[in-house]
Each structure stands twice: as structure tokens, then as C-alpha cells.
Amino acid sequence: MNVLLTKTRKLYRNARISQKLFLAFSLAIAIPAILVSFLFIRTQEVQLYEEAMAAGNSHVSRLNEQLRNRMDMIENASSTALTQKAFVDFIHSNMRGDGLGLVKFRQNQFEQMHNIIQSNEMISQLSFYVDNPNLHEIWPEIYHYDRFWPQDYWAELREEGGSAYRLFAFKDGEHTLSYYRLVRLQGQQIKRPSIMEIRVEHEALFGDLLEESEGDFFSVVMEGTNPSRYIYNPEHAFARNAGEALNDILDRVHRELDVLQQNSPIKVRAGDHAYYALYRYIAPLNAYVVDIASHDALMKGPRSWYGLVLAITFCVLLLIMLLVSHTTRRMFRRLDSVLVSMRQVRKGRLDAKIDTGLGENEIGDEIDEVAVSYNNMLDEIQRLMTQVVDKQLIAKNAQLHSLHSQINSHFLYNALESIRMKAEVQRQPAIADALVSLGSLLRYSMQWRSDTVALREELANIRSYIRFVNFMEGGSIELAADLPEEVLRYAIPKMCLQPIVENAVHHAAPSGGSVRIRIAVRVENDSRLLIEVRDDGAGVDPEILSRLQAVLQGDSDTPIVAGNNGLGLENVHKRLQLHYGKGCGLWIDSVQGSYTCVTIRLPWENANLGGW
């Protein structure tokens, strides 16, 4: 099972998009439509079956009633015949002794009996079988009992109440029904009672009843005890279509007949076909009236609908296929433009954007969204490449500044050391300390062993700078930076605090004046390290502060070129954003006459820090 699922997934994965869409549309539209149609047809079949069974029950009940009415007519005719007492008495008398009496009998009693027979169209013959040795067999209506067979049938008639029907008569019974009735004479001792027989041709009794009706049922009269004897209309369409299989069908139906279940339909199978049968039992005849219908004939309407549904489904699937083919061609035509642009970008043309043809406020479909996202990706790639170029330019500028400063570094160190030694010899400790601070400043700025330094090293350089400035300008500048040990080990970009402290020294107080500079750190939302450089000097003019803040809020993609005075606040801010993103950088806040505070935002994750 898993192997089959794996193969199915592989086939689906490797199939074309048009094939996948066709499958999706088929599953979503065609298959549910087929299922609903077949369910509807099945419902119609059940309804049609119920209606057919109801119609069949009505028909077979009507046949039963009509047959019983005709049997009543036969019985009435027999009763009327037996009321002709003179006729009955004469045939039991000595018919040979009086020739004149025989002539009168022919003209009167016999003629009256003959009229009774003629008045009933169904009756083909009425005969009397009389146990009378003096009987004259002149007319076909009068026979000696010896001609009747079986001879002892009168005993069976007596047990059945004196009368009985036989669906197939004893004599020439293949196409004839007979009604037998005992004739009893009062006051006369006879060895065997006489029997009256009324013969009715099957065609006269059943012909119009078994004719083909408007329904799909085939009517048959079956003898109750003998499954091989039945009466039906051989010209009926059911009989013609069944052909040689008709006897087998009737035999299977006869096996299922049950007097106690005669109101329930039965179902039999003969060959590849199924048949339904409805029946009623006619006790006097010891026979069944059966209506048989083929399942195929009853369901020929719904069965034809199956073919119609399949034809419609085929047309719908064909239409879906054409629609999917047309849609995918249009989609692929647009996807081709994406592929062409990708090939051009692979060759280095980052300006090979996709023409979507969308208006200003149009969104488009998913393919248009892919194209717009692709164009935005190209813009982003170009922006990132510009950033890379800017970073490389910044690194080159820093290296050039460093190299330029290192051209005579050894000479400067040696010269400063010689001057410091002379100052100590001449007992000028202030000058000596100033030279030491200046040397430290020069050494820190000229030696770039790494792009980042510990915060402790940056603070040491700033303290050297403050001591040298106080010596040079005779000012009173205080620096406070009591920071935790774990923060002092934190790696920060080199020379990121120096320009900020220089601005505080040069702009916070007049030359020779005093100013207090305080450096503090804090963590914001466990994601940002904030280094604040705050002075209590004159503050920044509001207009200048507004311009500085506007610059710090601007785009950092513009290439940076260092000025003659070194890297300023704007330069530091843009370089931080280039390396750490727009969430990092500088921010300045100031109140004129009160304070100025510059905040450096760096990632708190030390691993995220990069170089200059």
C-alpha cells in the first residue's frame, strides 16, 4: 500500500500543471456530478419499481376479479341447465322405447337446452354423461357414462361438493377448460351419478385477458400442481423476447408461488436477467394468475439515463480539458516572461524586471504577485549591493586614513618620547603627562589590529584624550564612567565613542571652561545595548538639533566620504546602520542651557557585532 501511495505521489509530482488542474476540476466537478446523477437515477429506479409493483398488483387483482366473474357466469349457466328438469328426466328414461317421444324431446327440451348454450358465448359445448343403458346418443350433448374418463371421477366430484373446474379438460384439454357438475335424480337408484360437463375454450375465457396491455407485465395462468401447464399469449412481446428461455422463466416463477404469500412480489433470475412476478391464487381453478415483468424492461428508462449521464459527463470533462488547456497556455505565457527575466539576471542584468502591465491601484493574480515580488527582490539586491560597495569604500577610507597616519608614526613616537624625557629632566611633569596622553591617543588611532575593541580600551583612549585636552586648553573637563565589569568586556566598534566625546568637549563649554561628561550603559528589551554620552554643557541650538535629528533619521544608503576633520556624528551613525541594520545607530537629545545626550544603540548579542 505504501509503495502504491509513493508511486502515486511521484506520478502526481511529475505531472504537468494542466494535468493536475484537469484532475482537480474532475474531482471537484465531474465526479460529484456523476455521483449525484447516479444517486438520482437510483432513486428514480426505486420509485419506478414501487410504481410498477403497484400497477402490477392492480392488474393482477383485476384479472383475478374478471376470471371469477366469468367463472360465475359458467356456474350460472350450469345451474340454468339443471333447472330443465324435463330434459334431465328424459335422458335418464328409456329413450329407445318411444320414437314419438324422442321427436318431441328434440323439438322441445333439447331445443331449450341448446338455446341455453347458445346464449353464453364463452361456452363451446355442454355435455351430459348418463349411466343409462337405454340412452340414445343421437346428439353431441348426450353421452353414455362409459364415454367419460376417468370413470371414478364422480367420487372426487362428490368429495369436492358436487362440482369442480379443470383448467385443462380431461378430453381435448390442451386448449379447453371444463366445469364438471354431478347430476342427481330423486327417487331413482343409479349405479353411478350422471356428470354434466361445460367446456370453454381457453381463447374464449382468457384471450382478451392475456392480451398485451400498455404496461410491461406478461400475464400467465398457471396450473397449481403442474408447473409445466400454463396458459399465455404467445404473441406477447415478453414471450417473443424470451424465446426458448420462457419455459425456464415460468418454471422458476412457479417454484416460488405460495398461496400464503400471494400479496408479495417475488424475484427470480434466469440466465443473466432478473424478473419480478405478482400473482393471485384462484382456488376453484386450483390455478394462479401471474403477472411477470423483466427487470430490464421496468428499468429501461433509468438505464438509458445512465448512458445519458455518461455522455454528458464525457462532454463536461472534454469542456474542462479545453478550458484547462486554454487557461494553462495563458498562464504559461506569463510564466515564460518570468523565466526570461531570470535568465537575464543570471547573466548579470539586475535591471531585467518583469513587465506586469498592472495599473497603479491594481493587484493582479498570484502570477502578478510573484512578478511584483520578483521585481522588488531585484531592487533589494541592487540596494544590498550598493551597501556592500559602501562598506568596502568605508573600509578603504579607514585603511587609507590609518596608512596615512602611520607613514611617520615611529618618527612621531620617538620625537614625543624625546620631548617627554627632556620635560622630565627639566622637571616639567605636566608636559610629560600631556605627552604620554598624546602618545596614547596617536597609538590607539593608528594601530588597527581589529575592527572591534573592548569597551574598556575605548574608555582608556577617551580618558587620555580628556587629559590632553585639559592640558592644552587649561580647562576643567570631568569624565565619569563607572561601568560594570561585564560591560567593560563588551566588544564595540573602534572609535565609535571618540567623535561623540570630541563634540561634547568642543561644543558643551567655551574654551577653558568646565563641563562634566558622564558615560552610562543600559539594556533595552534584552535586545539593545544603549551607551549614553551625556554632558551638562550649553546644549544644542534647537534649529541645529532639528537638522541633526533629521539626518540621523534619514536613509543610510548614500555613499559616505570622510571629511578633513575625521569621521563625524553622521558618519558614525550611517556606518553603524550599514553594519547592524536600521534599528541601530545614534540618537541625539538636548535642551539648550541644560544638557546634551547622545545615545548609541548596538545589538546586545555580542555575536551579532561586526567590523568596520
Side-chain angles (χ1 to χ4, degrees), residues 45-46 48-68 70-71 150 156 159-160 164-170 173-178 200 202-203 205-207 209-213 215-300 303:
E45 286 183 346
V46 173
L48 187 60
Y49 168 79
E50 293 176 351
E51 292 176 353
M53 293 299 105
N57 267 316
S58 176
H59 182 252
V60 76
S61 297
R62 189 166 59 252
L63 285 179
N64 178 45
E65 183 179 353
Q66 291 174 343
L67 278 177
R68 288 184 179 275
R70 296 185 180 187
M71 290 167 61
E156 184 176 341
E159 292 176 0
E160 293 184 4
Y165 285 92
R166 287 195 61 83
L167 185 61
F168 296 92
F170 290 119
E174 184 178 355
H175 302 290
T176 305
L177 173 144
S178 288
V200 180
H202 288 164
E203 179 64 26
L205 183 62
F206 302 110
L209 300 181
L210 301 180
E211 287 181 356
E212 187 169 2
S213 62
D216 297 307
F217 284 92
F218 171 58
S219 300
V220 184
V221 179
M222 293 186 174
E223 192 173 68
T225 57
N226 191 344
S228 63
R229 306 188 76 176
Y230 31 74
I231 304 167
Y232 63 90
N233 180 10
E235 300 301 322
H236 195 283
F238 183 93
R240 294 199 304 269
N241 294 334
E244 296 180 356
L246 180 61
N247 291 333
D248 182 41
I249 297 171
L250 297 179
D251 181 62
R252 292 176 184 272
V253 170
H254 192 278
R255 296 176 194 171
E256 302 295 328
L257 298 178
D258 187 349
V259 175
L260 300 179
Q261 301 292 331
Q262 57 181 315
N263 291 321
S264 301
I266 60 176
K267 182 179 180 180
V268 298
R269 296 195 65 87
D272 297 331
H273 302 282
Y275 301 91
Y276 300 102
L278 299 163
Y279 61 96
R280 294 290 184 274
Y281 179 67
I282 304 176
L285 282 178
N286 189 24
Y288 294 91
V289 178
V290 186
D291 271 5
I292 304 174
S294 169
H295 176 79
D296 296 336
L298 291 178
M299 303 301 167
K300 60 184 176 183
R303 290 298 170 87

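No side-chain heavy atom of S219 sits less than 4.5 Å from a side-chain heavy atom of H236. In this structure, the side chains of L63 and V221 stay at 4.5 Å or more apart for every pair of heavy atoms. Within the 4.5 Å cutoff, no side-chain heavy atoms of N286 are placed close to those of L167. Contact of the S178 side chain with the F170 side chain is not registered, since no non-hydrogen atoms from C-beta on lie closer than 4.5 Å. Using a 4.5 Å heavy-atom threshold, the side chains of N57 and R280 count as touching.
Closest non-hydrogen pair, A239 versus Y232, comes out as CB-CE1, 4.3 Å. Minimum heavy-atom separation, G56 to F217: CA-CE1, 3.7 Å.
A distance of 8.0 Å separates CD of E203 from CG of N233, quoted to the nearest 0.5 Å. Note: L250 CG to F218 CZ = 6.0 Å, rounded to the nearest 0.5 Å. A distance of 6.5 Å separates CZ of R70 from CG of L205, quoted to the nearest 0.5 Å. Rounding to the nearest 0.5 Å places NE2 of H254 at 10.5 Å from CD1 of I266. Interatomic distance, M222 CE to S228 OG, rounded to the nearest 0.5 Å: 11.0 Å. One finds the CD atom of E174 at 8.5 Å from the CZ atom of R229 (value rounded to the nearest 0.5 Å).
A perpendicular orientation is assigned to the rings of Y279 and Y288, their planes being inclined by more than 60° (bins at 30° and 60°). The aromatic rings of H202 and F168 lie perpendicular to each other, with more than 60° between the two planes, well past the 30° mark.
Checked against the 6.0 Å centroid criterion, the rings of Y276 and Y49 qualify as a close aromatic pair.
Not one N or O on the side chain of S58 forms a donor-acceptor pair closer than 3.5 Å with the backbone of A54. A donor-acceptor pair is defined here as one N or O able to donate and one able to accept, closer than 3.5 Å; such a pair exists between the side chain of Y165 and the backbone of M71. Remark: the backbone N or O of V60 is not paired with any side-chain donor or acceptor of N64 at under 3.5 angstrom.
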Practice prompt. Check step by step if side-chain contact (heavy atoms from CB on, under 4.5 Å) holds for I249 and Y275.
Written response: CA-CA 8 Å; I249 297 171; Y275 301 91; 3.4 Å; yes
Worksheet entry | Derivation of the side-chain contact (heavy atoms from CB on, under 4.5 Å) call for L177 and I231 | CA-CA 11 Å; L177 173 144; I231 304 167; over 6 Å; no
Worksheet entry | Candidate pair Q66 and R62, rule side-chain contact (heavy atoms from CB on, under 4.5 Å), full reasoning | CA-CA 6 Å; Q66 291 174 343; R62 189 166 59 252; 3.9 Å; yes
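Side-chain N/O atoms of Y230 and N247 include a donor and acceptor closer than 3.5 Å.
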